[in-house]
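Both backbone and side-chain heavy atoms feed into the values below; hydrogens, waters and symmetry mates do not. Just so we're on the same page: letters track the sequence lines, and every chain starts at 1.
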2 protein chains.
Amino acid sequence: MPLTKKTRHGNILSINAKVARNINRAIILNSIRERQPISRAKISDLTKLNKSTVSSIVASLIAEDLIIEEPDHSPRGIGRSPINLRVKRGKHYVGAIYFDSSKTELAVIDMDGTIISSAEIKTEIGNPSEFVSLCIKKLNVMRGQFHPHHFRGIGVTVAGIVDAAQSKVVYAPNLGWQDLDLGQVVRDYAPAIEMVTVENDAKASALAELLLGTHKVNPTNVVFLSVGAGIGAGIVVDNHILSGGSHAAGEFGHMTIVEGGERCTCGNQGCWEVYASDRATIRRYAAEKKLSQEQTANTSLESIIGLAAHGDDVAKEALTKSAQYIGLGIANIIRSFDPEVIIIGGTIIQAWELIYPEIMETVNKRGFFGKQRNTAILPTSLTGNPPLLGAAALSIRKIFTDYRIAL
Amino acid sequence: MPLTKKTRHGNILSINAKVARNINRAIILNSIRERQPISRAKISDLTKLNKSTVSSIVASLIAEDLIIEEPDHSPRGIGRSPINLRVKRGKHYVGAIYFDSSKTELAVIDMDGTIISSAEIKTEIGNPSEFVSLCIKKLNVMRGQFHPHHFRGIGVTVAGIVDAAQSKVVYAPNLGWQDLDLGQVVRDYAPAIEMVTVENDAKASALAELLLGTHKVNPTNVVFLSVGAGIGAGIVVDNHILSGGSHAAGEFGHMTIVEGGERCTCGNQGCWEVYASDRATIRRYAAEKKLSQEQTANTSLESIIGLAAHGDDVAKEALTKSAQYIGLGIANIIRSFDPEVIIIGGTIIQAWELIYPEIMETVNKRGFFGKQRNTAILPTSLTGNPPLLGAAALSIRKIFTDYRIAL
DNA sequence: GAAATGTTTGTTGTTTCAACCAACAAATGA
DNA sequence: TCATTTGTTGGTTGAAACAACAAACATTTC
């Protein structure tokens with residue numbers, strides 16, 4: 001593992017007593033989060049830290065109200081009963097905002113991903129500063145309403161290309177934003193919040209799946225595939241979001257899968273999302289049913305899924321065709337990136353029973369080279385909207401791996 | 001940055017005094033390697049480590065014969081002249097072996113990538129243990145001949161899928177190897193060597209480019225594209241090789257770029273390497289020239305490049321066509337992975353002047369989505385054979401970031 | 001003298017070690 | 001049945017070890 005690393009800003013993080021303590025603190029905090037309930041003794045076994053070190057750090061975590069002892073008197077064999085530790089709920093909250101082209105979602109979320117309060121606003125294209133301020137004010141009301149203190153940070157996700165290190169939106173065509181210092185705007189309207197994080201929606205969703213999802217796997221290597229109007233993806237390696245040199249890693253949607261194929265809005269031909277996105281499904285259905293332009297505009301993916309569930313063969317065919325193309329792209333992702341798990345999010349997973357066999361058939365037909373691979377393909381396990389939970393996950397991760405290097 | 005990490009074997013590396021010291025040692029050693037010559041004071045500035053800490057660690061590195069003071073009496077302005085530090089050459093060596101389908105290359109290599117001694121053996125398909133033992137014996141002679149001590153490790157690269165964590169070859173069709181514990185075989189025949197590393201050739205090449213290459217860039221995110229009989233790639237993020245869940249990350253060669261295209265040996269259709277590998281170039285040339293099967297088998301890419309240099313239009317056309325397809329695949333890699341640099345290795349870069357404009361034209365025509373990206377596409381800067389230097393780089397990296405956690 | 005590089009010395013903070021205390025289950029015996 | 005003993009595991013305490021740090025000092029050069 002690369003421990004001698006440069007931070008995102010080019011400095012080198014050397015180890016001194018404080019950093020060492022904070023790293024160990026983060027190790028303990030995360031082992032509690034991942035395996036709760038867990039005793040001090042088990043943590044010591046797991047981390048190879050001395051029992052006394054674990055006790056000392058756990059004491060400070062309890063003082064910080066981050067974890068809590070859970071008295072457990074159930075008989076569990078020989079010896080003294082362990083004192084179980086858990087991440088404390090109902091004490092620390094984060095704000096989450098997800099800016100999408102049609103609507104913007106807000107929420108106050110607990111450390112374990114429970115949504116405490118949520119709201120939705122129609123997204124106003126135009127003056128971004130004005131609209132963002134409206135959202136922050138709304139969020140301020142929501143958090144004031146519930147919990148004036150222990151509000152740790154605000155996470156923001158945007159459907160577009162984001163420079164997370166600088167908390168800037170590089171390009172969000174659907175929102176009409178370009179080179180927008182969104183982090184600064186948020187900080188301006190919520191000056192009391194120290195922790196503001198901005199990230200691309202699919203990337204944050206991948207993080208949320210890892211941090212807040214209920215899949216049992218604990219992979220090092222996850223691709224979250226967000227199928228919507230377009231297709232985006234987030235890649236997470238070792239809890240670290242892969243951002244890419246131009247902040248555009250995971251833009252699989254514009255991967256060429258049909259040379260000289262149909263033209264895409266991006267200017268290229270044969271892009272994956274032309275064949276596999278929700279828009280493609282709707283277009284395919286509308287073409288077959290010979291719907292007018294207006295009727296097409298009023299057709300949602302939900303309605304097609306509903307029709308398919310009631311036996312509409314045209315709807316079924318539109319969905320399975322998209323599923324096949326999704327499988328084709330996934331085969332490419334597996335070949336190039338070889339993740340342990342691919343997680344799919346988006347409206348289309350409501351038709352999982354219908355699409356999963358089609359996806360798998362295509363993936364298998366595309367022939368795993370040499371040895372069989374065991375990449376799992378799963379629908380998201382998140383109970384809420386992945387990009388919204390992703391926004392929360394950004395802050396939650398910071399709390400859980402905060403090194404507090406400040407003197 | 002993910003500092004609270006699990007190692008490849010699932011343990012968690014917690015920080016104690018020894019680990020902290022070793023991390024700081026590695027930070028200092030690497031800052032010397034990357035910026036030599038450099039003074040203690042500069043290292044202190046750069047790493048934020050105290051001057052006394054730097055002095056102490058530097059002293060032990062000098063005692064270990066890893067670095068050396070370079071007296072510099074040239075006047076450089078006000079104040080005491082710094083004592084420059086450099087990585088010591090001519091003291092520590094590593095062995096490198098590259099197993100390819102036709103030939104196996106051996107070398108003894110210095111810490112800075114200088115090849116001290118090298119040899120080549122025709123690869124014997126058949127009993128792997130026997131052939132490997134032959135190679136190790138040959139390497140033992142080579143290292144005995146030069147430097148009996150300070151031989152730090154052996155790095156091995158293989159054209160195939162490798163489980164680096166277990167130093168096993170999973171599948172190497174061209175060598176006829178499958179589920180071979182190559183690391184163990186090497187250790188059996190060279191028991192005195194503590195450090196044996198096995199890795200895929202393209203992945204190790206990427207590492208070599210980062211560690212031993214002369215490109216000025218210091219990216220976090222590199223893709224090394226190895227164009228040969230097939231196409232393989234190595235992805236490196238933060239000095240860490242991306243291995244993938246099934247050790248097959250970077251198998252871009254079998255990415256579908258033409259749906260329903262020509263059949264590939266892997267069973268799929270329209271794979272990239274069917275259109276862009278050396279074999280594709282030769283086939284294209286042979287088809288146009290209407291060569292017999294025997295003539296085709298005797299045509300090498302070198303000869304086609306030679307003909308093109310002398311103005312043969314058919315040869316030129318075969319190469320530019322491949323270059324266009326290389327560009328097409330690169331566009332997909334940029335879209336999906338968004339590296340800062342793509343480095344190309346292989347015989348075809350001998351025709352760089354001819355292929356580079358074609359690659360770039362295709363990459364640009366394929367339309368960067370939204371903002372212009374600035375992914376650099378460069379030929380390898382390595383002076384030797386990348387997979388062979390890659391084998392050396394595996395050991396060299398271990399020496400430079402050895403934490404020595406053992407008590 | 002000023003400014004920069006590098007060294008020495010004592011201080012601080014953190015982990016570790018070893019011993020200890022606490023809680024519990026099972027075995028023992030009256 | 002119930003108190004006692006024994007072994008095991010969970011967690012705490014205080015001294016020792018160790019690495020980084022700060023500050024003063026020495027050295028070199030302008």
Side-chain angles (χ1 to χ4, degrees), chain A residues 3-4 12-28 31-32 35 37-63 67 69-85 403-407, chain B residues 12-28 32 37-63 67 69-85 403-407:
Chain A
L3 270 166
T4 72
I12 298 171
L13 180 62
S14 54
I15 310 293
N16 58 32
K18 273 206 186 65
V19 173
R21 176 112 183 156
N22 282 324
I23 292 175
N24 288 340
R25 173 186 173 277
I27 290 172
I28 290 176
S31 56
I32 295 171
R35 298 164 196 251
I38 186 171
S39 68
R40 292 169 175 80
K42 279 234 177 66
I43 295 171
S44 174
D45 277 1
L46 198 69
T47 60
K48 313 293 178 207
L49 283 164
N50 194 280
K51 286 195 290 178
S52 53
T53 307
V54 174
S55 283
S56 154
I57 290 176
V58 162
S60 62
L61 289 172
I62 290 174
I67 63 172
E69 289 186 341
E70 181 187 57
D72 177 5
H73 297 297
S74 63
R76 58 182 64 240
I78 213 162
R80 172 176 171 178
S81 301
I83 304 170
N84 278 327
L85 302 168
Y403 300 135
R404 306 195 196 181
I405 291 154
L407 295 177
Chain B
I12 297 171
L13 180 62
S14 55
I15 310 294
N16 58 31
K18 274 207 186 62
V19 175
R21 176 106 181 161
N22 281 324
I23 292 175
N24 287 340
R25 173 187 172 279
I27 290 173
I28 290 176
I32 294 171
I38 187 172
S39 68
R40 291 168 176 82
K42 281 235 177 65
I43 295 172
S44 173
D45 278 0
L46 198 69
T47 60
K48 313 293 178 207
L49 283 165
N50 192 280
K51 286 194 292 177
S52 54
T53 308
V54 174
S55 282
S56 155
I57 290 177
V58 162
S60 62
L61 289 174
I62 289 174
I67 61 172
E69 289 187 339
E70 180 187 58
D72 177 6
H73 297 297
S74 63
R76 59 182 62 242
I78 213 164
R80 171 175 170 179
S81 300
I83 304 170
N84 278 327
L85 302 168
Y403 301 135
R404 304 193 197 184
I405 292 155
L407 294 177

Check: Does A/Ser56 have any side-chain hydrogen bond (donor to acceptor under 3.5 Å, both in side chains) partners at least two apart in sequence or in another chain, and if so, which?
Finding: A/Arg21
Next item on the list: Look up atom CD1 in A/Ile27 and atom CD1 in A/Ile57, then write down how far apart they are to the nearest 0.5 Å.
Entry: 8.5 Å
Next item on the list: Nearest 0.5 Å please: distance from the CD1 atom of A/Ile43 over to the CD1 atom of A/Ile32.
Entry: 4.0 Å
Check: Could you state the interatomic distance from NZ (B/Lys51) to OG (B/Ser44), rounded to the nearest 0.5 Å?
Finding: 7.0 Å
Polar pairs (N or O, both sides) under 3.5 Å between protein and nucleotides 2-6 of chain C?
| unit_1 | atom_1 | unit_2 | atom_2 | d |
| --- | --- | --- | --- | --- |
| C/dA4 | N3 | B/Arg80 | N | 3.3 |
| C/dT5 | O2 | B/Arg80 | NE | 3.4 |
| C/dT5 | O2 | B/Arg80 | NH1 | 2.6 |
| C/dG6 | OP1 | B/Ile83 | N | 2.5 |
| C/dG6 | OP1 | B/Ile83 | O | 3.3 |
| C/dG6 | OP2 | B/Arg40 | N | 3.2 |
| C/dG6 | OP2 | B/Ala41 | N | 2.8 |
| C/dG6 | O4' | B/Arg80 | NH1 | 3.4 |
| C/dG6 | N7 | B/Lys51 | NZ | 2.9 |
| C/dG6 | O6 | B/Lys51 | NZ | 3.1 |

Notebook entry, point to check: Is there a side-chain contact (heavy atoms from CB on, under 4.5 Å) between A/Leu85 and A/Glu69 once you walk through the steps?
Noted result: CA-CA 5 Å; A/Leu85 302 168; A/Glu69 289 186 341; 3.8 Å; yes
Checklist line | Separation of A/Ile15 CD1 from B/Asn22 CG (nearest 0.5 Å) | finding: 11.0 Å
Checklist line | Side chain A/Thr47, main chain B/Ser14, donor-acceptor under 3.5 Å | finding: no
What's touching nucleotides 14-20 of chain D from the protein side, N or O pairs under 3.5 Å?
| unit_1 | atom_1 | unit_2 | atom_2 | d |
| --- | --- | --- | --- | --- |
| D/dA20 | OP1 | B/Asn24 | ND2 | 2.7 |
| D/dA20 | OP2 | B/Arg21 | NH1 | 2.8 |

